[in-house]
Amino acid sequence: MTSDLLRPGQVVFATYSKIPCLITGFLGSGGQGEVYRAELHDDIVAVKWYRPAIAGPRQYRALEDLVRRNPPSSAFLWPLDIVTASRSTSFGYVMPIRDQRFAGMGELVRRNVDPTARVLATIGFGLAEAFLSLHAQGLCYRDISFGNVFFDPETGEVLVCDNDNVTIDGTTPGGILGTPRFMAPEVVRGVALPSSRTDLFSLAVLLFNMFFIHHPFEGAGEQRYKVLDVAAMRELYGEHPVFIFDPDNDSNRPISGTHQNALDLWSYFPRDLRDLFVRSFTRGVTDPINGRVRESEWRQAMVRLRDSVLLCDSCGGDAESFWEPSEPWKGVSCWRCKASLPAPVYLAFETARSSETSLFAVASPGAKIYPHHVEAGALYDFSRNIGEVVRHPSNRALLGVRNTSVSTWRATGARGTVREVEPGMTVGLSPRTTIDFGTSTAEVRQAT
């Protein structure tokens, strides 16, 4: 890759801080401009520099508005300052630089990275949380797609890039409308501007691709087009989109061998998650106002998904399946080795708190207990874990929860025996054991 707009060693100037910014390297290019590594005072930053056709007064005013705002959350690589160069009519902006540990969403759908199910759910949670914080400020993103979100494959932390496209919700004509295949049908048809409501649709498309490695509207109906040109895409994604798993319309079902990812993965994930996608791509298509899944609903679904993971011991303990305690136990088979998994135990929490928060945690190794499980009002607090499910050191079939907090718990066994569980100690997860965390209690139950 080569740069066309700036060169290493060139200095551009920050408009508000008045600090010179030294360009040190080329990072990449896109339709709007190029991105460079740079030094601003003692900080390593990124600079996006616009191509002359993009660098007009409207884009400058949009950047001014964004720079004056605080970033909605730490997930956004937000514009920090506008930069200009002597003898140039173009301009750009400074933003935090993306750490190399973050992968692009395209890497996930191409299977170049393979995060665990818990990490995948954490990514989904982080995306919903980020866009909720953006929309709460009366802003819309306009272009949710593969190219603009990144994640840490180990932790699930997310970053949202290219925030220069953010505008006031639904009021700004012109500018980018979105990325083909991610835009809401009404934007594809040209009857609506991008808004927080259309962002919800694009978010659902992104999440569907993330979980099912497929597009929600690309099934048998796609095969009737010899070329997926502009007219075909308008028909497929705008005029007559049909969800590939629409329960009332089977005209666009995935084709075995052609759309195998969707067929294999649809039944893998829990029903409550699938129901949200059904709503997103059926009622959410015809009723943009009331039919689309809100960010808060995605958050809740992702937290429950994290807490539903089962691990298979028969094939090494890393093949993940799911069970939701609100569903009767009908048996679960490992997707990899086909072994029947034993009925799991789980922690049923009794904290009075928001209905959004998960009320359970399936006891599989690596599952963690967070403040939001046990503290009233601690909605989605992942700031620290207070407990972790571990295997017995000499008997893999026995599970316990290790106290990783700074407080002492009290565990009461099925026969009434009470013991103190100090920080660093472990209590066995036997059915009918109760654990008093100090702020609330949980009962250990067996799936039935």
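Model, not experiment: these values are computed from the prediction.
- Ring geometry, Tyr237 versus Phe217: the interplanar angle falls from 30° to 60°, so the pair is classed tilted.
- You'll find the ring centres of Phe212 and Phe277 inside the 6.0 Å limit.
- For the pair Val401/Val444, no side-chain contact is recorded, criterion being any heavy-atom separation below 4.5 Å from C-beta on.
- Taking a 6.0 Å sphere around NE2 of His240, one finds it holds 12 or fewer heavy atoms contributed by other residues, nucleotides or ligands.
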Subject >> Residue pair Phe151, Leu108: steps toward the side-chain contact (heavy atoms from CB on, under 4.5 Å) verdict >> reply: CA-CA 10 Å; Phe151 65 94; Leu108 189 151; 3.7 Å; yes
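- Using cut-offs of 30° and 60° for the angle between ring planes, the Phe382 and Tyr380 rings count as parallel.
- Other residues, nucleotides and ligands place more than 12 heavy atoms under 6.0 Å from the CD atom of Gln223.
- For the ring pair (Phe, Tyr, Trp, His ring centres under 6.0 Å) with Phe211, the qualifying choice from Tyr268, Phe269, Trp266, Phe322 is Phe269, the only one to do so.
- At most 12 heavy atoms of other shown residues, nucleotides or ligands fall within 6.0 angstrom of atom CZ in Arg37.
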Original post:
Which is it for His214 and Gln260 under the side-chain contact (heavy atoms from CB on, under 4.5 Å) test, yes or no, and what are the steps along the way?
Top reply: CA-CA 9 Å; His214 197 73; Gln260 202 60 45; over 6 Å; no
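- In plain terms, the two heavy atoms of Pro365 and Leu311 that are nearest each other are O-CD1, 3.5 Å.
- The line from CG of Asn148 to CG of Asp162 is 4.5 Å long, rounded to the nearest 0.5 Å.
- Under the 3.5 Å distance criterion, with hydrogens and angles disregarded, no donor-acceptor pair is assigned to the side chains of Glu324 and Ser308.
- No side-chain heavy atom of Arg306 sits less than 4.5 Å from a side-chain heavy atom of Phe125.
- Thr116 places a side-chain N or O within 3.5 Å of a backbone atom of Val119 that can act as its donor or acceptor partner.
- Residue pairs meeting the salt bridge (charged side-chain N to carboxylate O under 4.0 Å, His left out) criterion with at least one partner in residues 326-348, sequence neighbours excluded, are Arg271-Glu327, Asp318-Arg336.
- When all heavy atoms of Gly56 and Phe91 are compared, the pair lying nearest together is O-CZ, 3.7 Å.
- The stretch residues 184-213 participates, sequence neighbours left out, in these salt bridge (charged side-chain N to carboxylate O under 4.0 Å, His left out) pairs: Glu186-Arg292.
- Of all heavy-atom pairs spanning His135 and Cys140, the tightest one is CD2-CA, 4.2 Å.
- For Phe131 and Trp298, the ring centers are positioned 6.0 Å apart or more.
- Sorted by first and then second residue, the salt bridge (charged side-chain N to carboxylate O under 4.0 Å, His left out) pairs involving residues 233-247 (not counting sequence neighbours) are Arg234-Glu239.
- In this structure, CG on Leu305 lies 8.0 Å from CG on Asp272, to the nearest 0.5 angstrom.
- Comment: Glu222 does not engage Arg181 in a salt bridge, judged by the lack of any side-chain N to carboxylate O separation of less than 4.0 angstrom.
- Using a 4.5 Å heavy-atom cutoff, the side chains of Phe76 and Ser133 are in contact.
- When all heavy atoms are compared, the tightest approach of Pro344 to Leu310 is CB-CD2, 3.5 Å.
- For the pair Arg402/Thr426, a side-chain contact is recorded, criterion being any heavy-atom separation below 4.5 Å from C-beta on.
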Original post:
Given Leu341 and Cys334, is the side-chain contact (heavy atoms from CB on, under 4.5 Å) satisfied, shown in steps?
Top reply: CA-CA 7 Å; Leu341 304 185; Cys334 173; 4.2 Å; yes
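- To the nearest 0.5 angstrom, Arg445 atom CZ is 12.0 Å from Phe360 atom CZ.
- Side-chain contact check for Leu203 versus Tyr141: every heavy-atom pair is 4.5 Å or farther apart.
- Ring-plane geometry between Phe208 and Phe281 is classed as perpendicular, the angle between the planes exceeding 60 degrees on a 0 to 90 degree scale with a lower cut at 30.
- Contact check for Asn290 versus Arg283: side-chain heavy atoms found under the 4.5 Å cut-off.
- No salt bridge links Arg61 with Asp65; every basic N to acidic carboxylate O contact stays at or beyond 4.0 Å.
- Counting only residues at least two apart or on different chains, the side-chain hydrogen bond (donor to acceptor under 3.5 Å, both in side chains) pairs with a member in residues 91-105 are Tyr93-Asp164, Arg101-Asp152, Arg101-Glu157.
- Rounded to the nearest 0.5 angstrom, Arg111 CZ and Ile213 CD1 are separated by 4.5 Å.
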**OP:** Start with the C-alpha distance between Leu236 and Leu228, add both sets of side-chain angles, then the distance that settles side-chain contact (heavy atoms from CB on, under 4.5 Å), and finish with yes or no.
**Re:** CA-CA 9 Å; Leu236 192 64; Leu228 206 60; 4.1 Å; yes
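- With Trp78 contributing its side chain and Leu66 its backbone, the two residues share a donor-acceptor pair below 3.5 Å.
- In this structure, the side chains of Leu347 and Leu429 come closer than 4.5 Å at one or more pairs of heavy atoms.
- Annotation for Pro194 and Arg142: closest pair CB-CG, 3.8 Å, computed over non-hydrogen atoms.
- Contact of the Val149 side chain with the Val158 side chain is not registered, since no non-hydrogen atoms from C-beta on lie closer than 4.5 Å.
- With values rounded to the nearest 0.5 angstrom, His373 atom NE2 is found 11.0 Å from Asp381 atom CG.
- A distance-only check finds no donor-acceptor pair linking the side chain of Trp49 to the backbone of Gly33 [under 3.5 Å].
- For the atom pair Ile144 CD1 and Phe201 CZ, the distance stands at 11.5 Å (nearest 0.5 Å).
- Residues forming a salt bridge (Lys or Arg N to Asp or Glu O under 4.0 Å) with Arg274 (at least two apart in sequence, or on another chain): none.
- Closest approach of Val362 to Val309, counting heavy atoms only: CG1-O, 3.5 Å.
- Test Ser333, Ser314, Cys312 against Ser340 for side chain to side chain contact (heavy atoms under 4.5 Å, CB included) and you get one pass: Ser333.
- Considering only residues two or more places apart in sequence or on other chains, Arg110 meets the salt bridge (Lys or Arg N to Asp or Glu O under 4.0 Å) condition with Glu107.
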